[in-house]
Amino acid sequence: MEHQRSRDALIVIACLLLSSLSLLGIGRLKIDSSTDAFIPTKAPVVETNNRIEEQFGSLDALVVSLYDEKGILSGENLALITSLTDEIGKLEDVKQASSITNLKHLEPAPDGVEVVSLYEGNVEALETHIASWPGFYEGTFLSDDRTSASILIQTQLDYNQAELLGSLRAILAPLSGLEASILGLPVVTEQIRISLLADLAFLVPIVAALIMLVLYLFLRSFKATLLCLVPLVFSSSLALGIMSITGITFTMATMLVPVLLLIVGSAYTIHIFSHFFEEYESLGVENALKKVVKKNTSPILSAAATTAFGFLAQLSSPLLPFRTFGLLSFIGVVVCAASSLILLPALIRLVYKEPIHKQARKRAARGLWVAMGNTLSN
């Protein structure tokens, strides 16, 4: 008996250590919230984009929009735009920053065409240059009503999106007198990433709470409910650990794996506990578990196999995120089933004590009535 308890304790400690190590790697997860992750790498459009980016640089354009309801074309505002354009252009991840204050303008000259600066400190001359070629400047670098101006940013080919957006916000933070905003695909991608993490942080506790409620309604035991969650948390954390160790990208598809394992794995733990409670009173902890595990091994493995191989069929998908989702779900379901048959019984043996059998309770009750009768007769 002591040998069995030592083995159970070893199993539980090993699983807890493995879960802790897996959760520690969450900070190293690579998050990709862009739609590029869902495009096959061999697709013609991807190869074309890569070829164009090698020749001309990154296609991820960013725009800093500046707004003044009184009019953007004032000496003070233009001086501010000049300063911002220069400061943004010096950032490591920026290849070029263009605005109405640093553009070149083509104008007629005696020898043909002359290249001059669009803005040289004279607002009237700037207005004249813009009026001579409104189709190029208006709608791109300047709004038609002259209340907004834009700084167009061309990024480096391999730039750090989070660092660049952080640097831009730091530059625009002390800005006063103008309303500033950052636009472009990188901003949308970052917002998707933030929403993805927020949804995951919100969804997991909600799912866990609902599962706990359902488990409690069926098992009528808070202790059993908590023990049922342990294999589910173990398999989910192990899936996250595999992602962090192997460098698998965390996408909008793979984010569903931890939540999915909580939902799927709960069925296996319910099988164990529902049958355990049926045999617990009459057989005791050890005998009841032996009978329950032997009886449910085949049904649980069969159910897990159909679910796991159903997810594994995702390997036929041409999209990498869905193949990754299928493989991780396959591994997670297998771990869920195995932990329900190994980890959960070990927890039950460590937590539950041997019950007082019905016959022993009857003898104790009969002895109590006899003792009470003797006391009353005396």
Side-chain angles (χ1 to χ4, degrees), residues 31-35 53 56-105 115-198:
I31 302 172
D32 187 357
S33 54
S34 68
T35 54
E53 287 187 338
F56 298 99
S58 175
L59 300 177
D60 295 342
L62 274 168
V63 178
V64 173
S65 177
L66 303 167
Y67 172 78
D68 186 348
E69 61 179 4
K70 297 178 182 179
I72 199 71
L73 297 181
S74 65
E76 183 181 355
N77 287 341
L78 291 171
L80 190 55
I81 293 173
T82 302
S83 174
L84 289 173
T85 304
D86 293 340
E87 193 172 357
I88 291 172
K90 294 176 182 177
L91 294 176
E92 182 180 354
D93 292 320
V94 174
K95 184 176 182 180
Q96 183 179 352
S98 305
S99 68
I100 55 175
T101 62
N102 71 344
L103 290 175
K104 298 299 181 181
H105 178 71
V115 179
V116 299
S117 296
L118 180 64
Y119 176 65
E120 296 178 321
N122 189 316
V123 178
E124 293 182 359
L126 173 63
E127 289 275 19
T128 302
H129 288 158
I130 293 173
S132 67
W133 200 356
F136 179 74
Y137 300 112
E138 293 179 356
T140 304
F141 296 95
L142 186 69
S143 63
D144 295 339
D145 59 2
R146 303 296 195 270
T147 59
S148 298
S150 300
I151 302 175
L152 269 61
I153 303 168
Q154 184 181 9
T155 60
Q156 298 287 358
L157 185 58
D158 295 319
Y159 73 101
N160 189 307
Q161 179 177 296
E163 287 186 6
L164 177 56
L165 291 176
S167 300
L168 290 176
R169 292 190 179 102
I171 292 173
L172 298 175
L175 194 64
S176 60
L178 294 177
E179 295 182 18
S181 56
I182 306 173
L183 312 171
L185 181 60
V187 181
V188 176
T189 303
E190 187 199 30
Q191 187 57 51
I192 293 174
R193 181 183 67 84
I194 295 172
S195 300
L196 185 149
L197 294 176

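In what follows, every heavy atom counts, from backbone to side chain, and hydrogens, waters and symmetry copies are set aside.
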Spacing of [atom1] belonging to [X] relative to [atom2] belonging to [Y], to within rounding of 0.5 Å:
X: Leu168; Y: Ile153; atom1: CG; atom2: CD1; result: 4.5 Å
X: Ser117; Y: Asn122; atom1: OG; atom2: CG; result: 12.5 Å
X: Asn160; Y: Asp93; atom1: CG; atom2: CG; result: 6.0 Å
X: Ile88; Y: Ile81; atom1: CD1; atom2: CD1; result: 10.5 Å

For the residue pair [X] and [Y], what are the closest heavy atoms and their distance?
X: Asp145; Y: Thr147; value: OD1-OG1, 2.8 Å
X: Ile100; Y: Tyr119; value: O-CB, 3.6 Å
X: Leu66; Y: Ala180; value: CD2-CB, 3.7 Å

Below 4.5 Å, heavy atoms only, C-beta onward: do [X] and [Y] meet side chain to side chain?
X: Leu175; Y: Leu80; answer: yes
X: Ile130; Y: Arg146; answer: yes
X: Leu84; Y: Val64; answer: no
X: Leu178; Y: Ile72; answer: yes

If we ignore hydrogens and angles and just use 3.5 Å, is the side chain of [X] paired with the main-chain N or O of [Y] as donor and acceptor?
X: Asn102; Y: Ala97; value: yes
X: Gln161; Y: Pro186; value: yes
X: Thr128; Y: Glu124; value: yes

- Do the charged groups of Glu76 and Lys70 touch, with an N to O distance under 4.0 Å? no
- Item | Audit row: His129, Tyr137, side chain to side chain donor-acceptor pair (under 3.5 Å) steps and yes/no | CA-CA 9 Å; His129 288 158; Tyr137 300 112; over 6 Å; no
